[in-house]
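Below is one structure, written out as structure tokens; the observations come after it.
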Amino acid sequence: MKHYQKIIILSFIFLLTLGFRLFFVFQTPYYSGDNAYYNIRHTVEINKFYQPMLYDDLSYGGRYSVVSPLYHYFLAFFNTLVPDGLAFKIIPEILLAGLVFLIYFISRSITENETAALLSAFISGFLPIFIGETLNNISVYSIVLVLLFYCVYSLLNLKTHSTEFIILSFVLQILHPFGFVLGLAFLLYLILLNIESIKIGRQTQEAVAFFVFIGILVNLILFKKVFLAYGLQSVWQNIPKEMLVNYFQNVDVLSLLYGVGFIPLIFGIMGISVGVFKQKNNAIYLLSALILTLFILLFMRLIGFAVGMMFLAIFLTIMSALAFDRVIAYINMTKFSSFKNAIFAGLIVLIALSLILPSYGRAKSVIAETISPDEVAALHWIRGNTDEDSTVLAGINEGNYITAIAGRKNVADAQFLLAPDRYADVTTMFTSESLVIASQLLDEYDVDYIYLSQRAMKFYRIENLKYLGDENCFEKFYSTERAGIYKVLC
């Protein structure tokens, strides 16, 4: 394949991926998931005051914020350049679409096959679970994924990318705790090479040692308060036990196959077999170490199941390049070589049917589940018609809607570090049939209003709050088709 043809195809894959994502992103003016509004709020704070929000006076009624502000500074920079908040829509999607370039380069480095690498790059842009977890979400993973795979590529090519690796060693560790996880994967990589008696270059050993040392140092500095508060329990990020228990409940194998895609799953497993048992080079063992580390994290419930499967799907996509390479080599050795173009076209069609169509369905679902105009109208009503020091009860996954859109104190949200454990109490306030129990908790947390949405009722599996029928204690102040607001009177 000629160089210019490779550039054209890879550019087409990038533009197709970006166009697909932007097509759905601009179908709604809002964002998917309340975590997006958490990131918006912290970014806007930096735009206004040029410093991060160290103390959040609305989350949990007021608490210290433990989060690296690097991603928010990154967004704030583009938010000053692109007007009307368009940066929040465009920049994460460009980063996520740009991941296809890194997947291509890593895949090419382990196969030296342009066609196989291009196939892996194409697949990586349309993994259904990847679309579902990152689309329209202003996710920090938009930049974490890019830097992580660039760091992996730099480690594999230290002779020419040592400077980039050193820079990424700092940036990744400061950006997100997953940088520390990557350091553990690098250590496992060295262990695997030792087990297989593969010579490890001194530069590689020093690079891994440097990365791990920086990870320990940065995490001790950034999360000192967390380590002092929770000790070794810090690795679970103070996530409530009820949520940890539910991480692996109701895991549907068919949904898993649908999310990952059977092509990256089958070819990825084939690629691992080929790489580990036949090819045995450094790149294979590094990717194997990443996959093993991911399985350990999932087993110990140190990472959300959906996020873990998203990373696994991308790793399998890279490993599938090895299987594609073997299939292409086999075709070239047989009489089928004269039908090579037709077979390649058929494979593209198969990828489209098995990945692009499910990704289209997953993207439609993400946009459909995005906060609706009715919900936003209810939250704007709270902002305009309640006292500024009011406390609003909402579902645990809607807490950032209350702080970012309504501008009021919430009882709890999904940022759990250095936050009081209120998960069980919030669940009780939504599910209890007892007015006495509910009133005690509402009084304990000084709740002034209850924001009851259809998504909260679905999350807690209720049809309504049983105790709201007492008109002496609760009054409905505002109602739309998908949300209602009740004032607590007693």
Side-chain angles (χ1 to χ4, degrees), residues 21-22 24-60 62-96 132-146 175-176 307 366-367 369-384 388 392 394-410 412-417 419 451 453 455 483:
R21 299 183 72 93
L22 292 180
F24 287 99
V25 161
F26 284 108
Q27 289 186 13
T28 174
Y30 309 118
Y31 299 91
S32 305
D34 83 327
N35 189 62
Y37 289 90
Y38 171 85
N39 288 324
I40 289 175
R41 186 161 168 257
H42 280 254
T43 301
V44 170
E45 180 82 5
I46 291 172
N47 280 134
K48 286 181 178 179
F49 305 108
Y50 306 103
Q51 61 182 14
M53 186 187 299
L54 300 178
Y55 184 83
D56 190 339
D57 55 356
L58 298 182
S59 177
Y60 286 81
R63 69 182 180 105
Y64 286 98
S65 179
V66 184
V67 64
S68 169
L70 191 58
Y71 181 56
H72 300 134
Y73 273 106
F74 173 79
L75 289 176
F77 171 74
F78 286 100
N79 196 39
T80 59
L81 300 178
V82 184
D84 303 322
L86 285 176
F88 298 129
K89 287 283 187 180
I90 297 174
I91 299 303
E93 306 306 328
I94 291 176
L95 288 170
L96 291 163
E133 288 300 305
T134 60
L135 185 70
N136 195 40
N137 200 20
I138 321 180
S139 172
V140 67
Y141 289 113
S142 62
I143 191 169
V144 167
L145 283 166
V146 171
L175 180 66
H176 193 272
V307 172
V366 168
I367 299 304
E369 293 172 4
T370 297
I371 188 170
S372 66
D374 275 354
E375 292 169 281
V376 172
L379 292 163
H380 282 162
W381 186 92
I382 294 174
R383 178 182 282 271
E388 290 188 2
V392 181
I396 197 72
N397 291 321
E398 298 175 303
N400 290 306
Y401 294 153
I402 302 301
T403 58
I405 302 176
R408 297 295 180 264
K409 298 176 182 178
N410 66 35
D413 53 51
Q415 275 67 45
F416 299 112
L417 283 178
Y451 171 76
S453 68
R455 71 178 65 245

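Quick note: residue numbers are just sequence positions, from 1. Note: hydrogens, waters and symmetry copies are ignored here, and every other heavy atom, side chains too, is used.
Under the rule for a side chain to side chain donor-acceptor pair (under 3.5 Å), Asn397 has no partner lying at least two apart in sequence or in another chain. Residues satisfying the side chain to side chain donor-acceptor pair (under 3.5 Å) criterion with Ser142, sequence neighbours excluded, are Tyr71. Residues passing the side-chain contact (heavy atoms from CB on, under 4.5 Å) test with Val146 are Leu95, Leu99, Leu102, sequence neighbours excluded. Looking at residues two or more places apart in sequence or on another chain, you find a side-chain contact (heavy atoms from CB on, under 4.5 Å) between Gln415 and Asn35, Tyr38, Arg63, Asn400, Asp413. Leu22 pairs by the side-chain contact (heavy atoms from CB on, under 4.5 Å) definition with Leu18, Phe26, Glu93, not counting sequence neighbours. Tyr50 is linked by a ring pair (Phe, Tyr, Trp, His ring centres under 6.0 Å) to nothing, counting only residues two or more places apart in sequence or in another chain.
One distance of note links OH of Tyr401 with CD1 of Ile382; it measures 13.5 Å at 0.5 Å rounding. Expressed to the nearest 0.5 Å, how far CG of Asp374 lies from CG of Leu379 amounts to 11.0 Å.
Proximity of a side-chain donor or acceptor of Asn47 to a complementary backbone N or O of Ala76 within less than 3.5 Å is detected. A donor-acceptor contact shorter than 3.5 Å links the side chain of Asn39 to the backbone of Ile138. Not a single donor-acceptor pair under 3.5 Å links the side chain of Asp57 to the backbone N or O of Gly62.
Put simply, the side chain of Leu58 does not reach to within 4.5 Å of the side chain of Asn410, judged on heavy atoms. Glu398 has its side chain within reach of Glu375: a pair of non-hydrogen atoms, C-beta onward, lies under 4.5 Å apart.
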(request) Would you sort out whether Met53 and Val44 count as a side-chain contact (heavy atoms from CB on, under 4.5 Å), showing the intermediate values? (result) CA-CA 10 Å; Met53 186 187 299; Val44 170; over 6 Å; no
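Ring centroids of Phe77 and Tyr73 are separated by 6.0 Å or more, keeping the two rings apart.
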